[in-house]
Amino acid sequence: MGSPTILYKAFYYSGIFAWDFALSFLNLVLFKRPVGEVVPEGHPGYAGNWPEYRPQQEGDSRCSCPALNAMANHGIISRSGRGIKFTDLTRQIRTTYNFSATFCSFVPHYAAFMLNKSYGKDTFDLEELDLHNGIEHDASLTRLDTALQPDQSKIHRPFIEDLLSFATGKDKEQPMLTIKDMSRISGKRRAEARATNPMFTLDLSHKFFGSTNTATLLTAFGGRVDDLRVFLLEERLPQGWEPRIRYPYGLTILKFNQTIIPLEWGTRESDWEGDAGRVEAII
Ligand code: HEM
Ligand SMILES: *[C@@H]1O[C@H](CO)[C@@H](O)[C@H](O)[C@H]1NC(C)=O
Ligand SMILES: *[C@@H]1O[C@H](CO)[C@@H](O)[C@H](O)[C@H]1NC(C)=O
Ligand SMILES: *[C@@H]1O[C@H](CO)[C@@H](O)[C@H](O)[C@H]1NC(C)=O
């Protein structure tokens, strides 16, 4: 990697964090919008109407990310999951899930850097995101590890059922996952994966990626089990669903960390050690 790339990255990351700080401040002083008015008019999902759901067909490209697969299944990005422009992804994840413009720029830039592609000019297929130990990592909540299941677009249903069964919270009488629940299931998945996958790896940065992904289920989905069942098992957005994020400028990176950091901090793999018997039963 040449020094222009390093300079470009440094420039990009300082800019994005300054901008994120500004948006976080604006979100703090402005009011949240009413429920039912989150997705802007003229965008897929406005008034809870998501475009037709069509699950993956032969030859389509899908990946380890349920959120991007769901967008392809609804045709919000190309249904084939191929030839996606990074810049389109940035625009579409924003109106679909209401993360801030900063987060929605940051992650696709990160992915383009990872794939040695040009963010502005290039396209990618969803499966390219599954580069092991790029963003994709072991001990995911919805997938077997790469060593056990090389096709990372495939969900592992028992993991998802286990995750949803961890919900201790309630929202209007509906079961709801909390930060604590997410820390517990993450600790369990890490212990299981370490005990069952001889190729297991998970460094600190990938623990944080894991917690970042997990935290989206608490923020964009409000932890609601009924919605998450559809989202995770079918990679579909329920009719009538809207993002639970109601900040006028979307969920900023700074604000998002207030979920990610406690979640990661509370994750205790050691609580599950020596539980190998139960682990085998799940896998
Ligand atoms: C454009 C940006 C995005 C990219 C490039 C991306 C990519 C990825 C990748 C590569 C993984 C696999 C990590 C693993 O091994 O577990 C992943 C997981 C995940 N992503 Fe995304 N993602 C993006 C945006 C989002 C958004 C906006 C959401 C939520 C609304 C989301 C939700 C998730 C969840 C819940 C997982 C965890 C699945 C698991 O643990 O099994 N992602 N993402
Ligand atoms: C995010 O949600 C806010 C509050 O509901 C809304 O005003 C805004 O238009 C949404 N932004 C996007 C890009 O969806
Ligand atoms: C990107 O480039 C770096 C440095 O040249 C190389 O180590 C890495 O394997 C490349 N990654 C991909 C996905 O091609
Ligand atoms: C917050 O989380 C992101 C990942 O979403 C990370 O890249 C960033 O450095 C974190 N820290 C701050 C202070 O925003």
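Remember, it's 1-based here, ligands and their atoms both numbered in the order they're listed. Here the structure is a predicted model, which is why all the values come from computation and not from measurement.
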Determine whether the side chain, the backbone, both or neither of F99 has a heavy atom under 4.0 Å from any heavy atom of ligand 1.
->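 For F99, the contact with ligand 1 is made by the side chain alone.
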Under-4.0 Å heavy-atom contact with ligand 1, by part of D130 that carries it |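 Neither part.
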Do any N/O atoms on E136 end up under 3.5 angstrom from N/O atoms on ligand 1?
-> yes
Any N or O on L141 sitting closer than 3.5 Å to an N or O of ligand 1?
->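 Yes, there is a polar N/O contact under 3.5 Å.
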Which of these, Y119, F86, F11, sits in a ring-ring contact (aromatic ring centres under 6.0 Å, His included) with H109?
-> Y119
Just one of F209, Y12, F103 clears the ring-ring contact (aromatic ring centres under 6.0 Å, His included) bar with Y110, so which one?
-> F209
Without hydrogens or angle criteria, can the side chains of T216 and N213 be said to hold a donor-acceptor pair below 3.5 Å?
->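 Distance-only check fails for T216 and N213.
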Distance-only donor-acceptor check, side chains N133 and T201, under 3.5 Å | yes
Identity and separation of the nearest protein heavy atom to [atom]:
| atom | value |
| --- | --- |
| atom 16 (O) of ligand 1 | S140 OG, 2.5 Å |
| atom 38 (C) of ligand 1 | T142 OG1, 3.6 Å |
| atom 9 (O) of ligand 2 | V38 O, 3.9 Å |
| atom 14 (O) of ligand 2 | P40 CD, 3.3 Å |
| atom 15 (O) of ligand 1 | H137 N, 2.8 Å |
| atom 5 (O) of ligand 2 | R33 CB, 3.0 Å |

The complete set of side chain to side chain donor-acceptor pair (under 3.5 Å) pairs with one or both residues in residues 61-83, sequence neighbours excluded, reads S61-E127, R62-N73, S64-D130, N69-E235, S78-S80, R82-D125
Just which atoms of ligand 3 are under 4.0 Å from any heavy atom in M114?
-> 13 (C)
For atom 12 (C) of ligand 3, which candidate among L131, T5, L115, N116 provides the closest heavy atom?
-> N116
Which atoms of ligand 2 have any heavy atom of R94 under 4.0 Å away?
-> 13 (C), 14 (O)
Check ligand 2 against N98 and write out every atom of the ligand that is under 4.0 Å from a heavy-atom position of the residue.
->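 Checking each atom against N98, I get 1 (C), 2 (O), 3 (C), 10 (C), 11 (N), 12 (C), 14 (O).
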Taking heavy atoms and a distance under 4.0 Å, where does Y249 meet ligand 2: side chain, backbone, both or neither?
->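 Neither part.
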Roughly how far, to the nearest 0.5 Å, is the CG atom of L202 from the CG atom of L204?
-> 9.0 Å
Can you count the protein N, O or S atoms that lie less than 2.8 Å from atom 21 (Fe) of ligand 1?
->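 Of the protein's nitrogen, oxygen and sulfur atoms, 1 lie under 2.8 Å from atom 21 (Fe) of ligand 1.
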Using a 4.5 Å cut-off on heavy atoms from C-beta on, say whether the side chain of I261 contacts that of F208.
->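 Yes; the side chains approach each other to less than 4.5 Å.
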For D162, which of R184, R157, K188 qualifies under salt bridge (Lys or Arg N to Asp or Glu O under 4.0 Å)?
->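 Exactly one candidate clears the test, K188.
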Sub-4.0 Å atoms of ligand 1 with respect to non-hydrogen atoms of R143 = 41 (O)
